[in-house]
Protein chains: 2
Amino acid sequence: MVHSDDFLLEDISEEEFIDLAELFKIFGDSTRIKILFLLFKGEANVSAICDELSMNQSAVSHQLKILRTSKLVKARRAGKAMYYSLADDHVKSILSMGKEHIEED
Amino acid sequence: MVHSDDFLLEDISEEEFIDLAELFKIFGDSTRIKILFLLFKGEANVSAICDELSMNQSAVSHQLKILRTSKLVKARRAGKAMYYSLADDHVKSILSMGKEHIEED
DNA sequence: ATAACATATGATAATATATTCATATGTTAA
DNA sequence: TTAACATATGAATATATTATCATATGTTAT
């Protein structure tokens, strides 16, 4: 680790701070975390997610919308069903990093 | 990446999900994010942090307390001043990871 | 002991957030 | 085209969160 991992406050704009906070905020809810971990296994449709989380469909859809809007998950339609999956590998990295942290207490 | 980065929902307890969400929630506020990035440079006392963020002392102290309670920062007293610093390298990893993510859009 | 300074904290008000309920939209099969 | 199913969405309520203000606590110098 030379210098690339060091940050000066001035290097980051007000907007970037807000974006970054907003990104983490998405991860800051256990329902969304559960959905994301579930999608580690691969794509899943809404009913499957509801079943796994034992939550009602509306609550899950609302959270899926938030995850989708923030581009952490993507969706494809197959017939009546909507299949959700993780948008990219950063999501995995961030989750793994967080998991490591809480496990080392 | 073989299997160690894969998660099954059952591997993680309800409590762990909540802990994980709680961890990310801490990062989900731009004031706290700014403080954490500031502390990348090294320790800083409360007045210095207030100056850098142009925020009043009470707001900063409240956020420092949250950061401290969640063990993301630690504090040492030197005379009248309290010096805060990052608690460990996970904080850096998580921030870096998030920063990477938002930069690649 | 007291004044001056640095930080912490409790209460409050404003704002944001998550879930629920009711209902709308979209899709398929009959 | 209508019924049945899957998902999305708007409104409302309950709860959580943040910044501010006022004040308390802790530290040092006089």
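Throughout, protein chains are lettered first and strands after them, A, B, ... in sequence-line order, and every chain is numbered starting at 1.
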Item to check | For A81(A), all residues meeting side-chain contact (heavy atoms from CB on, under 4.5 Å), sequence neighbours excluded | outcome: N45(A), Y83(A)
Checklist outcome for this item: D88(A) meets the side-chain contact (heavy atoms from CB on, under 4.5 Å) criterion, sequence neighbours left out, with H90(A), V91(A), H101(B)
Run the side-chain donor-acceptor check on residues 22-31 of chain A: report pairs under 3.5 Å with partners two or more places apart or on a different chain.
unit_1, atom_1, unit_2, atom_2, d
D29(A), OD2, T31(A), N, 3.0
D29(A), OD2, R32(A), N, 3.1

Checklist entry - According to the salt bridge (charged side-chain N to carboxylate O under 4.0 Å, His left out) rule, which pairs have a member within residues 72-82 of chain B, sequence neighbours left out? => result E43(B)-R76(B)
Checklist entry - Can you name the side-chain hydrogen bond (donor to acceptor under 3.5 Å, both in side chains) partners of R68(A), sequence neighbours left out? => result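 Testing R68(A) for side-chain hydrogen bond (donor to acceptor under 3.5 Å, both in side chains), a comparison that skips the adjacent residues, returns none.
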Item to check | Spacing of R76(B) atom CZ relative to dT27(D) atom C1', expressed in whole Å | outcome: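 Interatomic distance, CZ of R76(B) to C1' of dT27(D): 15 Å.
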Checklist entry - Would you call E52(B) and K34(B) a salt bridge, taking side-chain N to carboxylate O under 4.0 Å as the test? => result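 Here E52(B) does not pair with K34(B) in a salt bridge, since their nearest N and O are not under 4.0 Å apart.
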Next on the checklist: I want to check something: taking the side chain as every heavy atom from C-beta on, are L72(A) and L86(A) in contact at a cut-off of under 4.5 Å?
Outcome noted: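 When only atoms from C-beta onward are counted, L86(A) and L72(A) do not touch, as no gap falls below 4.5 Å.
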Checklist entry - When all nucleic acid strands are considered with a 4.0 Å heavy-atom cut-off, which category describes S61(A): base, sugar-phosphate, or nothing? => result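 Since a base atom lies under 4.0 Å of S61(A), the category is base.
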Next on the checklist: Using a 4.0 Å heavy-atom cut-off, does Y83(A) contact any base of the nucleic acid, only the sugar-phosphate backbone, or nothing at all?
Outcome noted: nothing
Using residues 53-65 of chain A as the side-chain source, report each donor-acceptor pair under 3.5 Å to any protein atom, sequence neighbours left out, with the distance given to one decimal.
unit_1, atom_1, unit_2, atom_2, d
N56(A), OD1, S58(A), N, 2.8
N56(A), OD1, A59(A), N, 3.0
Q57(A), NE2, S61(A), OG, 3.0

Next on the checklist: Using the rule given for side-chain contact (heavy atoms from CB on, under 4.5 Å), can you reason through I33(A) versus I18(B), listing the C-alpha separation, both sets of side-chain angles and the distance that settles it, and then say yes or no?
Outcome noted: CA-CA 9 Å; I33(A) 286 276; I18(B) 291 170; over 6 Å; no
Heteroatom pairs (N/O) under 3.5 angstrom, protein to nucleotides 18-22 of chain D:
unit_1, atom_1, unit_2, atom_2, d
dT18(D), OP1, R32(B), NH1, 2.9
dT18(D), OP1, R32(B), NH2, 2.8
dT18(D), OP2, R32(B), NH1, 3.4
dA19(D), OP1, T31(B), OG1, 2.9
dA19(D), OP2, Q63(B), OE1, 3.1
dT20(D), OP2, N56(B), ND2, 2.7
dT20(D), O4, H62(B), NE2, 3.2
dC21(D), N4, S58(B), OG, 2.5

Next on the checklist: Reading DNA chain C in the 5' to 3' direction, which nucleotide is the first one with an atom under 4.0 Å from a heavy atom of chain A, and which is the last?
Outcome noted: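 The protein-touched segment is dT17(C) to dT28(C).
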Item to check | Five-pair end axes of the helix from dA1(C)-dT30(D) to dA30(C)-dT1(D) and the angle they enclose, rounded to 10° | outcome: 20°
Item to check | With sequence neighbours excluded, residues passing salt bridge (Lys or Arg N to Asp or Glu O under 4.0 Å) with E15(A) | outcome: none
